[in-house]
2 protein chains.
Amino acid sequence: MNNAGDRGRRGRPRDPERMRRVLEAASSQFMRQGFGNTSMDAVARASGVSKVTIYRYFPTKEALFEACIKGRTQAVFSDLSPAELDPNDPRGALTRMAERFVALKRSDLGIGAFRAMYAAGGQQEAACRAFFRQGPAQLVAQVARYLEAAQKAGSVALDDATRAADQFLALFFGVADIRALLGLGKPTTQQDREIIAQNVRMFLKAYGVGDAGPKP
Amino acid sequence: MNNAGDRGRRGRPRDPERMRRVLEAASSQFMRQGFGNTSMDAVARASGVSKVTIYRYFPTKEALFEACIKGRTQAVFSDLSPAELDPNDPRGALTRMAERFVALKRSDLGIGAFRAMYAAGGQQEAACRAFFRQGPAQLVAQVARYLEAAQKAGSVALDDATRAADQFLALFFGVADIRALLGLGKPTTQQDREIIAQNVRMFLKAYGVGDAGPKP
DNA sequence: GAACATGTATACTGCACAGTATCGTATCCA
DNA sequence: TGGATACGATACTGTGCAGTATACATGTTC
């Protein structure tokens with residue numbers, strides 16, 4: 001049975017399962033080895049789909065790459081919803097958001113995504129733009145939304161929520177993160193917990209109201 | 001005339017000028033396009049040194065790459081010496097260090113270095129290690145050294161200078177920096193000035209003593 | 001069943017590039 | 001002057017890979 005879009009098409013319908021396999025295999029390879037070191041033959045082999053078929057869906061290697069980015073960034077960043085975070089408990093809320101963020105960033109996927117995108121920087125502009133919009137920009141917006149709620153609740157004091165959100169997330173791009181991106185070893189879970197605690201504390205010393213923050 | 005190491009060598013001595021040209025051309029290309037997209041033929045062409053000669057000095061492309069990193073990281077990071085910074089004026093000192101750091105990071109060289117290294121991550125471990133040691137690690141140590149002096153002078157209050165230095169530098173890895181690394185456009189000098197001012201202010205709200213910081 | 005789109009398998013073209021071989025030349029030392 | 005080493009120019013080998021061509025099989029719709 002065809003879906004509505006293919007109504008009236010004469011020949012054999014496309015098999016979406018195949019494309020799913022192609023995108024999965026290609027994403028995995030791109031994230032692990034980058035764009036340059038991934039061959040279409042390897043993708044075909046890993047996905048079990050013939051190279052010719054892949055080229056029927058994606059006219060060039062670049063097009064396949066971009067499709068992978070679009071799919072993966074959503075998977076990487078979408079499950080971070082601050083909807084139910086308590087505006088009166090910034091320490092807890094920020095810690096929870098940071099935990100999610102760090103977990104994503106430390107995953108092979110997160111590391112691979114940043115690596116592949118940086119490597120592609122300046123040469124795959126469309127893909128980079130998509131990555132930025134659906135990745136980092138999205139995250140900052142989400143944190144900023146929470147900070148605005150906390151600001152209204154009087155638990156933080158800041159003048160620009162977006163900038164503060166940017167600063168908060170940037171704190172997790174320190175040497176530990178650089179080391180991980182360079183492939184020199186990830187921090188342990190315990191070390192990450194420590195980093196998160198220190199960064200939340202530092203952030204709240206600057207912007208918090210109450211125990212750790214400056215009284216206005 | 002030969003130098004001491006070549007004393008007694010029979011034939012024609014090596015020409016260091018040639019190697020300088022090779023390293024310069026190779027660095028430029030590696031930083032601009034990354035490891036994978038730079039060909040030895042192009043390096044030979046750009047440097048005016050024949051490929052065979054290059055291979056006499058560097059057995060493989062990887063070896064040349066590593067030599068470039070070693071040379072460039074020193075050039076990039078070494079001119080940031082906080083020796084004469086005033087421990088009693090953390091706002092001014094941090095601003096000056098940040099200005100230097102941001103200028104380096106925004107240069108084609110700085111962007112290229114990070115890009116190339118991230119792209120090489122997991123595949124050129126020796127080069128990455130050298131880059132990390134002589135780059136980010138060095139910088140954090142320098143900032144930490146200043147913060148310790150300021151701590152002694154009583155102008156900041158912190159418990160771990162190295163971590164604080166790491167946090168300070170990490171603040172400059174926010175979305176503006178990500179955009180630049182992705183090739184989506186650098187911030188203007190004015191915007192960078194703004195970013196620096198905001199980050200210094202935020203840092204001193206957390207750790208400063210006096211006007212902006214919390215009294216202990 | 002005819003017409004048509006999707007799929008596989010395999011071989012091929014064309015190109016870029018790492019690294020080598022050869023030969024001739026330039027420059028140093030003894 | 002002669003032996004030794006550093007260079008250049010050029011052509012070559014081998015390989016990996018993007019993308020194509022061809023021939024055939026499979027499923028869908030009319």
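We name chains A, B, ... by the order of the sequence lines, and we start the count at 1 in each one.
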Under 4.0 Å: is that the gap between some side-chain N or O of [X] and OP1 or OP2 of [N]?
X	N	result
B:T53	D:dG8	yes
A:S50	C:dA9	no
B:Y57	D:dC7	yes
A:R14	C:dT6	yes

Using whole Å, report how far [atom1] of [X] lies from [atom2] of [N].
X	N	atom1	atom2	result
A:M19	C:dG7	CE	P	6 Å
B:K51	C:dA21	NZ	C1'	12 Å
B:F35	C:dA18	CZ	P	8 Å
A:I54	D:dC17	CD1	P	14 Å
B:R20	D:dC7	CZ	C1'	18 Å
B:M40	C:dA18	CE	P	7 Å
B:D41	D:dG14	CG	P	18 Å
B:Q33	C:dA16	CD	P	14 Å

Heavy-atom donor-acceptor pair, B:R12 side-chain to C:dT27 base, under 3.5 Å: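 No.
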Donor-acceptor pair (no angle test) under 3.5 Å: A:K61 side chain, D:dG19 base: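 Result: no qualifying N/O pair found.
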Base, sugar-phosphate or nothing for [X]? Non-hydrogen atoms, less than 4.0 Å.
X	value
A:S39	sugar-phosphate
A:R18	sugar-phosphate
B:V52	base
A:G36	nothing
A:F58	nothing

Min side-chain heavy-atom separation B:L23-B:F58 under 4.5 Å: yes
Side-chain heavy-atom pair B:R163, A:V175 within 4.5 angstrom cut-off: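 The answer is no, as the side chains (C-beta and beyond) never meet within the 4.5 Å cut-off.
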Out of D:dA18, C:dT6, C:dG19, whichever nucleotide has its closest atom nearest the side chain of A:R56: C:dT6
Mutual orientation of the aromatic rings belonging to B:F173 and B:F101 [parallel < 30°, tilted 30-60°, perpendicular > 60°]: tilted
Parallel, tilted or perpendicular, as decided by the 30° and 60° cut-offs, for the rings of A:Y118 and A:F114: tilted
Candidate pair B:S28 and B:R32, rule side chain to side chain donor-acceptor pair (under 3.5 Å), full reasoning: CA-CA 6 Å; B:S28 164; B:R32 217 180 304 276; 2.5 Å; yes
Residue closer to the 5' end of DNA chain D, A:N37 versus B:D15 (nearest nucleotide):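 Looking at the nearest nucleotide for each, B:D15 comes out on the 5' side.
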